[in-house]
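Owing to the predicted nature of the structure, the values given are computational and were not obtained by experimental measurement. Letters go in sequence order (proteins before strands), and every chain restarts at 1.
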There are 4 protein chains.
Amino acid sequence: MTENTDIRTAFDQVMAEDHDLPAKQKQVLAASLTLFAEQGFANTTTKQIADRAGVAEGTVYRRYKTKDELLAALLKPMVTQVLPRLMHEFAQQVKTMQHLTRRQLLTALIENRVAFLEDNWQVGKILINEMMIRDDLRQSVMLNAGPIIQKTLFPILDQLREQHELAAIPNDMVGQFVIGTVLTNLLRANLQGDFAAFSQRAPYLIDFLDRGLAPK
Amino acid sequence: MTENTDIRTAFDQVMAEDHDLPAKQKQVLAASLTLFAEQGFANTTTKQIADRAGVAEGTVYRRYKTKDELLAALLKPMVTQVLPRLMHEFAQQVKTMQHLTRRQLLTALIENRVAFLEDNWQVGKILINEMMIRDDLRQSVMLNAGPIIQKTLFPILDQLREQHELAAIPNDMVGQFVIGTVLTNLLRANLQGDFAAFSQRAPYLIDFLDRGLAPK
Amino acid sequence: MTENTDIRTAFDQVMAEDHDLPAKQKQVLAASLTLFAEQGFANTTTKQIADRAGVAEGTVYRRYKTKDELLAALLKPMVTQVLPRLMHEFAQQVKTMQHLTRRQLLTALIENRVAFLEDNWQVGKILINEMMIRDDLRQSVMLNAGPIIQKTLFPILDQLREQHELAAIPNDMVGQFVIGTVLTNLLRANLQGDFAAFSQRAPYLIDFLDRGLAPK
Amino acid sequence: MTENTDIRTAFDQVMAEDHDLPAKQKQVLAASLTLFAEQGFANTTTKQIADRAGVAEGTVYRRYKTKDELLAALLKPMVTQVLPRLMHEFAQQVKTMQHLTRRQLLTALIENRVAFLEDNWQVGKILINEMMIRDDLRQSVMLNAGPIIQKTLFPILDQLREQHELAAIPNDMVGQFVIGTVLTNLLRANLQGDFAAFSQRAPYLIDFLDRGLAPK
DNA sequence: GATGAATGAGACTTCATTCAT
DNA sequence: AATGAATGAAGTCTCATTCAT
């Protein structure tokens, strides 16, 4: 799985995109990320961001012209680059495995990505919250994530089903169940404020999904 | 299902709480509910609420002294009254059934509550969003929902497990899986803007949970 | 000239347009007018307007949503209503005079309008300044004033020329000379800070224009 | 017209003032001139100046310590040097002519100076606008231009009047009429965005002034 | 009770100016 | 000399809340 070593978090992605981003701008992005995740975008003031980042308020606006641009700078790479690449790399990884069982697939999907999910939970939280509210963001995510899931994940599911490893459930429902189970686990860990719990529960998730998606 | 006839939506619950809630105040609550769900609490102005409710801005403040009180008026009954009663009524319903199978339980849980969930999705959406942000609300929900789930749902699960109808999974994980599967379905319907899809997918949910929670 | 008694200044015009404009809003408009004329639009802060008007800063924004709208509220009536009506009334007045001489026309134009010009000098000053800078305003003035001058003033000039009372100069040049001579007088009075001088110099203006526009 | 060959525009004048003005500083001044004329001083940012000049924002401050100094650098030479010299050279030119007629004087004044006026219209525009707003600038212009006009132009006018070539109008009114007529023509050309029109209309201006200033 | 004008604290944003590199 | 990131004072604007009518 060397091909995964270069998986970076969404946050690093923003940094990488502009690799001569000054230190203070990085602090601004980091502070924004934390505060948006903690308090929500709308409840975070640019003054708070400046204070947390240890810069003047004007500095917050140096690169990103508005508060909305700051949000976009954090979310866009996640939606347009990180998630797609993650899916793609996952599909590549799966292809290298011969006679993949359902459980192997789920284990690869969940355990191998736990670190990534924990790293990016802050961005994910912001993303989910803002998707509830912003039509444009919802559209953008749908347009980006939808096709990629179909192209990368669905063929794998079809193959599994042919090998009698997967129940006769529509692919989109399989996706819904897997994503939902993982997401709920993340959500619960967040509500409990206990992120260790997230990975501790991973075996239960694999077990539950393994049985739920088994053919009759 | 006569025991369900008096299940009211959270919104009606607020109304019922105060029999002489003036018509204009009801309009204010209704407008708040819709707008908070559409745009989020922080992005909704009291002016918007007043306009949508067809009243003056001052009228919004007649009964509820602050915007936060307005939010509380919508969320509190849901958390402290509606959900507990729903759980209680569900437990009662289950107790009347002899030799309950896992599938019967899930069907009762999902199909019988579909209407309720659809009705109250707006409040639920607001609730989830605000729980992400407000510690106090998160605490309050935990303190209210937690014990009730343990008292009403867990005994039923224990009983099922004794009847070899349920996998050897901790009760909290069972709860997480069931709630998560339903919630994800709701979330997806909301993101798609297609609420009919929600109930159409119910049979798949039951099937998935039925297998996922089955003992080995 | 009873038909002129109802000529109102541009400022009164704004007031009249919305005759239930609250007192404080009138104060805001009055303060804006004075300050914009004194210091220019761009150099005037909303804080200054609020202070001069004796209201809170928020009040400045109650009716006019932006500082630009405030400017438009002051200028638009001048451009679209006051000036056109002034031209029209002037034309009407001229038509009632038989065998009008050039000097009579100029006297009517200048002396009768002196009060009006003095009253509206503040708006005029703002208008000239902003026209130098804003393309849209320039367009708007051109589109409004141009046709009206052609329809009302040019026929009178043609008639005068037939009566051998006016030089063989294109009508637009006649307009340029008359308006320019009056405007320059106003400008000079403003630069000197001496408005009494404006009307004292009126006889010289009439004399100068009378000769300058006489046929050979 | 050899005496005119050394008439330089105000802008060149600033440049000449400091022989070793670095190229970048010249670009800054040129950019400032254009932008101030286009958008007004208050609406022009130092960032815009830097961009237009093709330099960094810090460079704008190398020679001129503040934005106001930049404005002064453009306006002061015009007021204190260019206009006085222009008047002086004009007076010299007039003195060389024997038995000067009114029309000759006007022709010399207008036609010979057309190029200069067109070249310096940008500075003039800025000057007029800022004079409307800044008391100190108004004072400065009055103190500089006033005496010079009296010393150079008034003797010529007195001489003309003795030769029965000029109406019995106070000298300051003659000045007002001439300057106003020329200025209005410039203003109109600017509002129309058609500078060719300016010189095309020159013959009309000469004719109009010639008659308007003729003795009875 | 209802209204909506008024308030003012505080949010977002701009921009002239400084200064380390 | 030049750069451009950083600054922070000050500007524009928003909006929950109050209160006279």
Enquirer: With a 4.0 Å limit, can you tell me whether Lys65(C) has a side-chain N or O closer than that to the phosphate oxygens OP1/OP2 of dT12(F)?
Expert: no

Enquirer: Could you work out which one of dA6(E), dA6(F), dA16(F) sits closest to the side chain of Thr59(C)?
Expert: dA6(E)

Enquirer: Given atom CG of Leu35(B) and atom P of dC15(F), what is their separation to the nearest angstrom?
Expert: 13 Å

Enquirer: Within this structure, what is the CZ-to-C1' distance between Arg63(A) and dT14(E), rounded to whole angstrom?
Expert: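 The distance from CZ of Arg63(A) to C1' of dT14(E) comes to 18 Å, rounded to the nearest Å.
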
Enquirer: Side chain of Pro22(C), heavy atoms from C-beta onward: which of dA5(E), dT14(E), dA2(E) has the nearest atom to it?
Expert: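 The closest nucleotide is dA5(E).
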
Enquirer: Quick one: does Gln25(C)'s side chain have a donor or acceptor within less than 3.5 Å of a partner on Pro22(C)'s backbone?
Expert: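 Judged by distance alone, no pair lies under 3.5 Å.
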
Enquirer: Round to a whole Å and report the spacing from OH of Tyr64(B) to P of dG1(E).
Expert: 13 Å

Enquirer: Side-chain N or O of Arg62(A) versus OP1/OP2 of dA6(F): is the shortest distance under 4.0 Å?
Expert: no

Enquirer: Quick one: stems involving DNA chain E, counted as three or more successive Watson-Crick or G-U pairs, both distances short of 3.5 Å.
Expert: E:2-21 with F:2-21

Enquirer: May I have the step-by-step check of side chain to side chain contact (heavy atoms under 4.5 Å, CB included) for Arg134(A) and Leu75(A), ending in yes or no?
Expert: CA-CA 13 Å; Arg134(A) 295 164 186 259; Leu75(A) 296 187; over 6 Å; no

Enquirer: Assign each of Lys67(D) and Gly58(B) to its nearest nucleotide of DNA chain E by heavy atoms, then name whichever residue's nucleotide is nearer the 5' end.
Expert: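 Comparing both residues, the 5'-ward one is Gly58(B).
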
Enquirer: Under 4.0 Å, heavy atoms only, any strand: does Thr45(B) hit a base, just the sugar-phosphate, or nothing?
Expert: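 If one applies the 4.0 Å heavy-atom cut-off, Thr45(B) turns out to touch the sugar-phosphate alone, with no base involved.
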
Enquirer: Verify the contact: side-chain N or O of Thr46(C) to OP1 or OP2 of dG11(F), cut-off strictly under 4.0 Å; return yes or no.
Expert: no

Enquirer: Which nucleotide, dA6(F), dT3(E), dA2(F), lies nearest any side-chain atom of Gln25(A)?
Expert: dA6(F)

Enquirer: In terms of heavy-atom contacts, does NZ of Lys76(B) have more than 12 from other residues, nucleotides or ligands at under 6.0 Å?
Expert: no

Enquirer: From CG of Leu71(C) over to C1' of dT12(F), roughly how many Å is that when rounded to an integer?
Expert: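 Going from CG in Leu71(C) over to C1' in dT12(F) covers 15 Å.
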
Enquirer: Rounded at 0.5 Å granularity, tell me how far CE in Met132(D) sits from CZ in Arg138(D).
Expert: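 Atom-to-atom, Met132(D):CE and Arg138(D):CZ are 9.5 Å apart.
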
Enquirer: Determine the minimum heavy-atom distance between Tyr61(A) and Thr66(A), stating which atoms define it.
Expert: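 Taking every non-hydrogen atom into account, CE2-CA, 4.0 Å.
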
Enquirer: Measure the distance from CD on Glu57(A) to P on dG10(E) and round it to the nearest whole Å.
Expert: 13 Å

Enquirer: Under 4.0 Å between a side-chain N/O of Lys47(B) and OP1 or OP2 of dC15(F), yes or no?
Expert: no

Enquirer: Kindly indicate, with the supporting measurements, whether the criterion side chain to side chain contact (heavy atoms under 4.5 Å, CB included) is fulfilled by Leu29(C) and Arg63(C).
Expert: CA-CA 10 Å; Leu29(C) 283 174; Arg63(C) 181 156 306 235; over 6 Å; no

Enquirer: Would you name the heavy atoms of Tyr64(D) and Glu69(D) that are closest together and state the gap between them?
Expert: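 Distance-wise, the nearest heavy atoms are CA-OE1, 3.6 Å.
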
Enquirer: Find the distance Tyr61(C):OH to dA9(E):P and express it as a whole number of Å.
Expert: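 Checked: the OH to P distance equals 17 Å.
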
Enquirer: What is the distance, rounded to the nearest whole Å, between atom CD of Gln39(A) and atom P of dA11(E)?
Expert: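 Gln39(A) atom CD is separated from dA11(E) atom P by 11 Å.
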
Enquirer: Between atom OG1 of Thr44(A) and atom NZ of Lys67(A), what is the distance when rounded to the nearest 0.5 Å?
Expert: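 The OG1 atom of Thr44(A) sits 6.0 Å away from the NZ atom of Lys67(A).
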
Enquirer: Just the rounded figure in Å: distance from C1' of dA5(E) to CD of Gln27(C).
Expert: 13 Å

Enquirer: Go nucleotide by nucleotide along DNA chain F from the 5' end; which of Ala56(A) and Phe41(C) gets its closest nucleotide reached first?
Expert: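 The 5'-side residue here is Ala56(A).
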
Enquirer: Reading DNA chain E from 5' onward, which residue's closest nucleotide shows up sooner: Thr66(D) or Val55(C)?
Expert: Val55(C)

